[in-house]
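To start, the structure itself, in structure tokens.
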Amino acid sequence: MTMRAVLYEKFGPPEVLQLIDYPLPQRSSGNVLVKISCTSVNPVDLKIRKGSIAIAIKHKILGGDLAGVVEAADADSEFVKGDRVFALSPDWSFRSKWGCYAEYATIKSSLLARIPDSISFEQAAALPMVSLTAMQALEAAQVKSGQRVLIHGGSGGVGSAGVQIAKAWGAHVTSTCSTKNMQLVKELRADEVTDYTQTSVDQVFKDKPFDAVLDVVGGCSGASRALGPKFTKFFVRQMGAA
């Protein structure tokens with residue numbers, strides 16, 4: 001059996017992507033076969049396709065985020081046919097030929113979660129990679145309730161998730177973004193929002209240092225100077241366009 005999938009056989013611009021018939025992935029015990037309704041495009045997908053990551057393989061289906069419906073699962077699985085689910089598939093890796101730009105994917109049941117009724121497939125597909133990246137970064141920074149956290153690029157995928165997660169953990173969150181996105185970041189419940197096109201973070205907050213900085217843009221000016229003398233961790237995650 002086959003499915004429709006988008007893959008590339010050589011590195012290059014978007015034109016190297018091809019829509020083709022591809023063998024249906026075979027489900028093994030402990031895995032779930034998901035019929036994909038939506039996926040998403042992340043900066044890492046572009047880097048893999050362009051060959052910017054030296055060890056990326058050729059002949060690959062891109063995409064790590066999936067949202068869809070369970071097609072088949074083990075008899076004793078917590079998931080049954082028809083369940084709406086979403087996940088970050090390990091197949092996003094540049095070492096795997098599989099990915100989620102396809103009609104179907106197989107994934108370990110332990111990596112799946114049910115989509116809340118209030119969330120659409122499109123919304124669910126936009127969440128896994130950026131949310132898990134933000135959460136892992138904040139965990140690495142050992143963010144705790146009551147701490148002051150600075151998140152650069154708060155209107156981007158990872159940044160917007162980071163703002164909401166840090167707030168849910170009880171942190172006081174300051175975020176940077178451009179003028180046009182300030183209202184959006186305020187609606188995400190950031191305590192303070194700074195327009196990086198108009199002001200310098202290390203100057204504005206020189207008397208109010210941060211316990212942790214999440215730099216999802218990479219190399220933000222003043223990021224290290226904004227940290228206090230007893231900060232828990234300075235974490236930089238280079239994600240390209242944030």
Side-chain angles (χ1 to χ4, degrees), residues 3-14 16-20 22-28 30-71 79 84-115 119 121-140 153 156-162 165 216-218 235-242:
M3 63 178 179
R4 301 291 277 169
V6 175
L7 58 72
Y8 65 87
E9 295 182 325
K10 61 181 180 180
F11 300 129
V16 302
L17 296 173
Q18 308 172 58
L19 176 63
I20 66 169
Y22 201 76
L24 194 73
Q26 298 301 302
R27 187 185 72 82
S28 57
N31 285 4
V32 175
L33 178 65
V34 178
K35 184 175 183 179
I36 299 175
S37 297
C38 293
T39 185
S40 64
V41 178
N42 287 287
V44 70
D45 297 323
L46 277 65
K47 292 180 180 181
I48 294 173
R49 186 253 300 155
K50 291 167 65 177
S52 301
I53 300 175
I55 58 175
I57 66 170
K58 296 181 180 178
H59 197 85
K60 172 174 174 56
I61 301 172
L62 289 169
D65 291 327
L66 68 84
V69 176
V70 171
E71 185 71 14
F79 299 102
R84 297 188 339 129
V85 294
F86 67 138
L88 172 61
S89 170
D91 286 332
W92 75 266
S93 168
F94 33 81
R95 296 185 180 92
S96 170
K97 70 176 183 179
W98 297 99
C100 296
Y101 291 6
E103 290 183 291
Y104 292 90
T106 59
I107 185 170
K108 289 183 178 180
S109 60
S110 59
L111 300 179
L112 281 175
R114 287 184 175 81
I115 300 175
I119 300 296
F121 285 122
E122 291 83 359
Q123 292 169 321
L127 291 174
M129 183 172 287
V130 295
S131 299
L132 289 171
T133 299
M135 180 175 290
Q136 290 169 1
L138 294 171
E139 287 176 343
V158 178
S160 61
I165 293 169
V216 299
V217 178
F235 191 92
V236 177
R237 176 70 172 177
Q238 179 68 44
M239 288 296 292

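Note that the structure is predicted; figures quoted are calculated from it, not measured.
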Pairing residues for F121 by the ring pair (Phe, Tyr, Trp, His ring centres under 6.0 Å) criterion, not counting sequence neighbours:
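In terms of ring pair (Phe, Tyr, Trp, His ring centres under 6.0 Å), with neighbours along the sequence ignored, F121 is linked to no residue.
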
Ring pair (Phe, Tyr, Trp, His ring centres under 6.0 Å) with Y104: which residues, sequence neighbours excluded?
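Checked Y104 against ring pair (Phe, Tyr, Trp, His ring centres under 6.0 Å); zero matches.
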
How would you list, by chain and number, every residue that makes a side-chain hydrogen bond (donor to acceptor under 3.5 Å, both in side chains) with S52, sequence neighbours excluded?
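With neighbours one apart ignored, the set is empty.
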
Suppose we screen for side-chain hydrogen bond (donor to acceptor under 3.5 Å, both in side chains). Which residues come up paired with S110, at least two apart in sequence or across chains?
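Scan of S110 (side-chain hydrogen bond (donor to acceptor under 3.5 Å, both in side chains), adjacent residues dropped) gives none.
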
Heavy-atom side-chain contact between [X] and [Y] under 4.5 Å:
X: I107; Y: V85; result: no
X: Y101; Y: Y8; result: no
X: T39; Y: L66; result: no
X: L19; Y: R4; result: yes

Taking side chain to side chain contact (heavy atoms under 4.5 Å, CB included) as the test, write out the residues that go with P14, two or more places apart.
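P14 satisfies side chain to side chain contact (heavy atoms under 4.5 Å, CB included) with R49 once adjacent residues are dropped.
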
Would you please name every residue forming a side chain to side chain contact (heavy atoms under 4.5 Å, CB included) with A124, sequence neighbours left out?
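Result, side chain to side chain contact (heavy atoms under 4.5 Å, CB included) vs A124: A67, F86, I115, I119.
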
According to the side chain to side chain donor-acceptor pair (under 3.5 Å) rule, which pairs have a member within residues 53-68, sequence neighbours left out?
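Listed by first then second residue: E9-H59, S40-D65, N42-D65.
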
List in chain and number order the residues that pass salt bridge (Lys or Arg N to Asp or Glu O under 4.0 Å) with R27, two or more places apart in sequence or in another chain; answer none if no residue qualifies.
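For R27 the salt bridge (Lys or Arg N to Asp or Glu O under 4.0 Å) partners, ignoring immediate neighbours, are D74.
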
Could you work out, with salt bridge (Lys or Arg N to Asp or Glu O under 4.0 Å) as the rule, every residue matching R95, not counting sequence neighbours?
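Result, salt bridge (Lys or Arg N to Asp or Glu O under 4.0 Å) vs R95: none returned.
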
Residues V44, I53; criterion side-chain contact (heavy atoms from CB on, under 4.5 Å); working and verdict
CA-CA 9 Å; V44 70; I53 300 175; 4.2 Å; yes

Salt bridge (charged side-chain N to carboxylate O under 4.0 Å, His left out) pairs, two or more places apart, involving residues 96-115
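Qualifying pairs, neighbours excluded: E78-R114, D83-R114.
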
CG/L88 to CG/L127 distance, rounded to the nearest 0.5 angstrom?
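The distance works out to 11.5 Å.
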
